[in-house]
Amino acid sequence: MQTKYVVVLGSLLSGLGKGILTASMGKILSFYGHKVLPVKFDGYLNYDCGTMNPFRHGEVFVLDDKSEVDMDFGTYERFLNIEMDSMSSITGGKLFSDIIAKERKGDFLGTDVQIVPHLTSYILEKINAIAKAKQPEIMLIEVGGTVGDIENSYFIEAMRQLSNTEKVVFVTITYVPELESVGEQKTKPTQIALRQLMQVGVMPDFIVSRSSKPLSENAKSKLALYSSLPESNIIDDHDSDNIYKLPLHLMEQGFGKMLAEKLDVSSTPDKKAIRDWLSTVDGKRNRRVRISIVGKYVALKDAYASLKEAFSHAGMANHANVELKWVESENLENKKASDIAAALKDSDGILVPGGFGKRGIEGMINAIEYARNNKIPFLGICLGMQLMAVEYARNVCMLKGANSTEFDKSARYKIIDLMEDQKHIKYKGGTMRLGSWPLKIKKGTLTYEAYGKQLVNERHRHRFEFNNRYRAIMEKRGLVISGTTPDNMLVENIEWKGSFGIGTQAHPELKSRPQSPAPLFVSFIGSAIKYGGIRH
Ligand code: GLN
């Protein structure tokens, strides 16, 4: 079978939702019964996302195979309900390190190695290798950044070359702003972007237009005129409160059918698959529940992208609208109990997410103490679980000075500590406990109730662990160790007795999808609804 390609390019600015568009096109093609595979190119020179700052770049997503990838992979997996692997992630860093290694080996003896043709040919080789290994009918290649960036120029050139020999459909996403004072949608930025695209030898087959309101007929005909495309190929993708409905919105405009025609593949929809998707993502919501997220990256919501989505899925499963309140943990430090209560008083549930570094830690611990004392449903993710253990050690086991050695190397009670095999690690890239790990769950616990089985797999990304030296004393004082690695060597899940409080060393949000929501989130929202959810 000959793989066909859809190449998705961005224009004007990033953050338009290119990943959501790519995933939505994949979803439509899978509604038509085709096997699709997303591939993402990122132009930065980092080997992977693992060493990036979530505050600048958004969340670092982790795949089963331990790779640390761009957050768009989360979107692909959530829409398509598939497990991806590192083969789909091509970065500038990987390409350059490979090409230099090849040069040192002598693969290019006698030649001066150049971006074109050597690097571009290497990209085509890689694409070919993915097609061979994974055999998708359609590969959706999303090019990170926007046309005109130096970082992705050679990759776009490789895609142009790909279209010389293979069936390639180019889709570009653009932004049509509306000036409030004029009340008119402006197409001039896109006109300029189109010129840029043509300069690099690419003519888009479709233009998908992002705007705040539906694209006006006038704007659509202007875009058609300047791109020499029929109006039907200018597709509206205006703001929506539910990203999961985008595939259907695109289909309503005939985009799916046109895309399939261009690719020369069938477009007979699996009506049941579409109905199932729609009933999952757009089902009835007759409850409202309010969750406070107490973390340190709250100013940039992209830093917690999967978390937000996991709540959305758990809301779907519980027929509830989940309202998230983002609380900056630093603001809960050195505060009186009454101030903390005031900041968190409207919460039906409290969550402390994952994170790194000392800033805001004590504020998170204060929030956990407040949740435990007031029996407010609590979920601690990774760092949140570690701090749940620290709080319990300090305030229930009376181990004053308990901490994680990440924040206090000489803590009196090192409740959370580095494992021996982490102590000698010097290189930071790709050396945490990463990827999918089996979790053995103890029967009769909240965690067991949530999963309904004893052995599951969850994804991890952390360096520090619960210190086994404190297991016995913490258990004696009522902390429940509800999950461990199957060899019982590492504590994975802990719980309170008497109220809903679970901490997990994993990141269950990374595996949550509309069609298979993360069990711990579903349970957490369920108990938050019981605690205070409002019917409406
Ligand atoms: N900083 C902690 C660790 O490295 C927690 C990491 C996380 O929350 N992902 O173990």
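Indexing begins at 1, ligand by ligand and atom by atom, following the structure's order.
- If you check the side chains of Tyr304 and Glu309, you find no donor sitting under 3.5 Å from an acceptor.
- Only side-chain heavy atoms of Gln386 come within less than 4.0 Å of ligand 1; its backbone N, CA, C and O stay farther off.
- Closest heavy-atom approach to atom 7 (C) of ligand 1 among the candidates Cys382, Gly357, Pro353: Cys382.
- With Thr146 contributing its side chain and Ser11 its backbone, the two residues share no donor-acceptor pair below 3.5 Å.
- Glu391 contributes no side-chain N or O that, together with a main-chain N or O of Asn366, makes up a donor-acceptor pair within less than 3.5 Å.
- Backbone and side-chain nitrogen or oxygen atoms of Leu383 are examined, and one is located within less than 3.5 angstrom of a nitrogen or oxygen of ligand 1.
- Counting atoms of ligand 1 from 1 in the listed order, those under 4.0 Å from a heavy atom of His507 are 7 (C), 9 (N).
- Across Arg459, Lys511, Glu509, Arg78, a single residue satisfies side chain to side chain donor-acceptor pair (under 3.5 Å) together with Ser306, and that is Arg78.
- Residues Ser482 and Glu495 bring a donor and an acceptor atom of their side chains to less than 3.5 Å of each other.
- Using a 4.0 Å cutoff on heavy atoms, Arg433 does not count as a contact of ligand 1.
- Distance NZ/Lys409 to NZ/Lys414: 11.0 Å, rounded to 0.5 Å.
- Distances below 4.0 Å separate heavy atoms of Gly354 from the following atoms of ligand 1: 8 (O).
- In Arg461, the part holding a heavy atom less than 4.0 Å from any atom of ligand 1 is the backbone.
- Just one residue in the list Tyr392, Phe524, Trp496 forms a ring-ring contact (aromatic ring centres under 6.0 Å, His included) with Phe378, and that residue is Trp496.
- Among protein heavy atoms, atom 5 (C) of ligand 1 sits closest to Gly355 O, 3.4 Å.
- Of the protein's non-hydrogen atoms, Phe464 N, 2.8 Å is the one closest to atom 10 (O) of ligand 1.
- Ligand 1 does not have Met432 within reach: every non-hydrogen atom of the residue lies 4.0 Å or more from it.
- For atom 2 (C) of ligand 1, the closest heavy atom belonging to the protein is Glu406 OE1, 3.2 Å.
- Among all non-hydrogen protein atoms, the one lying nearest atom 4 (O) of ligand 1 is Arg463 N, 3.0 Å.
- Panel note: side chain Lys440, backbone Thr485; no donor-acceptor pair is recorded below 3.5 Å.
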